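Encoded as structure tokens, the structure appears first; notes follow it.
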2 protein chains.
Amino acid sequence: MTINAYDESMPESRTVPARFPVTVDVVALTVADDAMNVLLITRLLEPFRGRLALPGGFVLPGEDLITAAARELAEETGVEHVPGHLEQLGSYGPKGRDPRGDVLTVAHLLLAPNFPVLSAGSDAKHAAWYPVHQVLDGGLRLAFDHERILADAVERAKSKLEYSPLGAVFCDKEFTVAQLRAVYEAVWGTRLDPRNFHRKATGTSGFLEDTGRVTTGDAGRPAALFRLAPAARPAPGQPTRAVLNPPLMRPPP
Amino acid sequence: MTINAYDESMPESRTVPARFPVTVDVVALTVADDAMNVLLITRLLEPFRGRLALPGGFVLPGEDLITAAARELAEETGVEHVPGHLEQLGSYGPKGRDPRGDVLTVAHLLLAPNFPVLSAGSDAKHAAWYPVHQVLDGGLRLAFDHERILADAVERAKSKLEYSPLGAVFCDKEFTVAQLRAVYEAVWGTRLDPRNFHRKATGTSGFLEDTGRVTTGDAGRPAALFRLAPAARPAPGQPTRAVLNPPLMRPPP
DNA sequence: GCATTTATCGTCACCTTGACAATAACTCGA
DNA sequence: TCGAGTTATTGTCAAGGTGACGATAAATGC
């Protein structure tokens with residue numbers, strides 16, 4: 001295929017279409033220590049040498065966006081399988097993002113339980129978890145427009161918790177209602193009434209599935225262990241339905 | 001800037017990054033004749049010559065995505081100013097979308113009142129409104145992966161109505177509650193109780209603003225004219241907050 | 001044991017919602 | 001001019017959801 005093929009056949013353009021480097025970035029969010037954390041790498045080269053940045057890299061020819069995002073995540077963190085829910089967040093650029101020129105990036109959002117990342121030295125990258133608030137408060141500065149992308153990702157994560165059962169993907173396969181509540185409290189930065197949360201979480205049909213087992217060893221009464229119900233489990237790449245909340249203006253059933 | 005600049009400075013890649021043609025597509029939706037309509041053009045050249053397609057075109061160097069979408073919309077429909085709410089929908093590709101090779105497209109969603117489009121012959125394109133259901137039912141086939149993009153856009157539009165005040169952008173600047181209700185009924189494909197809808201729409205603070213004026217000349221009792229309240233008015237390019245609905249699991253105020 | 005901690009169940013007042021009656025205010029045709 | 005028809009708007013009421021919070025259950029740790 002030659003570039004001129006576009007010139008001759010595209011009614012939208014009489015000129016050779018511009019081509020852009022396209023990258024994918026992954027905003028991997030997890031909940032640890034009662035706070036939302038994001039996975040960042042340290043840049044070793046210019047531009048933004050020494051600055052923290054989102055993991056990501058160039059899309060290869062013949063590759064899909066989600067595939068590229070999963071590949072870059074694997075390459076830079078060492079995780080073979082996507083450890084949670086991966087979805088497209090949005091695209092940024094191509095203008096004014098990279099001092100070297102126009103680069104379009106397609107940001108992705110990964111919601112996952114805390115997973116181990118490549119320790120410094122095992123690769124050229126230093127990947128580690130950082131509290132999100134340190135970045136949003138301005139204490140940590142990121143490369144490129146990654147602060148804005150992170151801010152958008154956090155907003156998306158917050159509303160995902162309102163409108164979808166995806167809060168559970170921050171938890172392990174089996175979890176207690178209190179652990180799930182801790183996720184909501186960390187992401188939203190608020191406290192929730194344990195009794196009302198319990199009523200809502202267990203009372204929402206199609207959300208939680210009781211495993212019949214309970215926790216042991218912790219202080220206090222043992223808690224029932226739940227898992228995400230099949231209906232609420234996110235299909236890979238698919239949009240997540242809002243199982244949780246009856247919105248205001250709503251189409252009748 | 002040379003291509004080799006990436007080779008030397010990007011830790012993510014030791015090779016020359018691939019470059020892709022990047023297009024923007026616009027899914028312009030409107031409500032007319034109690035149905036959702038989409039703006040389509042007829043392709044005059046291969047591939048997909050004679051097939052209907054979403055308006056769109058290549059992103060230019062130094063151009064932002066939203067800017068490109070607005071420009072392509074203007075070029076192919078003749079509208080100078082964006083006639084409604086334009087936001088990014090999502091990106092598709094670059095693999096397997098175009099028989100000529102990898103092309104990444106960033107789809108955009110325009111929600112707007114019915115606006116006049118370029119009549120056939122005034123340009124190389126024939127732009128016209130088509131009922132969305134004709135496409136989704138398979139009666140009309142679109143070029144590339146535009147049917148999938150349209151389906152995603154319709155889904156997005158439906159949930160926008162649930163979670164945001166954007167239903168009003170389908171109406172004129174001043175509108176009646178019944179006109180607004182007709183939008184909801186058309187987008188959702190259902191009937192809504194006029195009395196309950198009226199209560200909800202007028203009772204939601206920060207949504208509608210009474211102009212003090214009423215309709216005249218129509219059959220039946222004159223209806224009060226409203227406009228979208230300033231708080232609910234969409235900021236250009238900004239994400240729309242959910243003013244309308246109290247979701248299930250919700251952060252306390 | 002007993003205090004402490006955490007989980008879970010209940011209660012109650014208030015609000016929202018859906019179904020639907022009733023009234024208001026216009027147009028239109030006889 | 002006078003209904004008849006049509007559309008808009010205000011109410012009413014029962015059912016269900018929600019927030020605040022009391023009470024109980026069942027473990028741990030001393």
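Residue numbering restarts at 1 for every chain, and letters A, B, ... go by the order of the sequence lines. Just so we're clear, the structure is a prediction, and the values are computed from it rather than from any experiment. These numbers come from the heavy atoms of this one structure, side chains and all, not from hydrogens, waters or symmetry mates.
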Checklist entry - Which parts of residues 216-224 of chain A get close to DNA chain C, meaning a heavy atom less than 4.0 angstrom away? => result A:Ala219, A:Gly220, A:Arg221, A:Pro222, A:Ala223, A:Ala224

Next on the checklist: Rounded to whole Å, how long is the line connecting atom CZ of A:Phe197 with atom P of D:dG17?
Outcome noted: 18 Å

Next on the checklist: Can you tell me if B:Asp137 has over 12 outside heavy atoms packed within less than 6.0 Å of its CG?
Outcome noted: yes

Checklist entry - In whole angstroms, how far is the P atom of C:dG10 from the NE2 atom of A:His198? => result 11 Å

Checklist entry - To the nearest angstrom, how far is A:Asp193 atom CG from D:dT18 atom P? => result 13 Å

Checklist entry - Listed by chain and number, what are the side-chain hydrogen bond (donor to acceptor under 3.5 Å, both in side chains) partners of B:Arg141, not counting sequence neighbours? => result none

Checklist entry - For A:Arg221, which residues count as a salt bridge (charged side-chain N to carboxylate O under 4.0 Å, His left out) partner, sequence neighbours excluded? => result none

Checklist entry - Going through the distances and angles, do B:Asp152 and B:Tyr92 end up as a side-chain hydrogen bond (donor to acceptor under 3.5 Å, both in side chains)? => result CA-CA 11 Å; B:Asp152 290 350; B:Tyr92 298 82; 2.6 Å; yes

Checklist entry - Ignoring hydrogens and angles, does a donor from either the side chain of A:Arg195 or the base of C:dG10 sit under 3.5 Å from an acceptor on the other? => result no

Item to check | B:Thr176 and B:Leu225, any side-chain heavy atoms less than 4.5 Å apart | outcome: yes

Checklist outcome for this item: Closest heavy-atom pair, B:Ser164 versus B:Tyr184, reported as atoms and distance to 0.1 Å, is O-OH, 4.2 Å

Item to check | A:Arg191 CZ - C:dT6 P separation (whole Å) | outcome: 11 Å

Checklist entry - A:Leu192 has an atom CG; how far is it from atom C1' of D:dT18, in whole Å? => result 13 Å

Item to check | Protein-nucleotide distance (B:Arg181, atom CZ; D:dT9, atom P), rounded to Å | outcome: 10 Å

Checklist entry - To the nearest angstrom, how far is A:Leu225 atom CG from C:dA7 atom P? => result 11 Å

Item to check | Pair of N/O donor and acceptor under 3.5 Å linking C:dG10 base with A:Arg199 side chain | outcome: no

Next on the checklist: Could you tell me how far apart B:Leu180 (CG) and D:dA8 (P) are, to the nearest whole angstrom?
Outcome noted: 12 Å

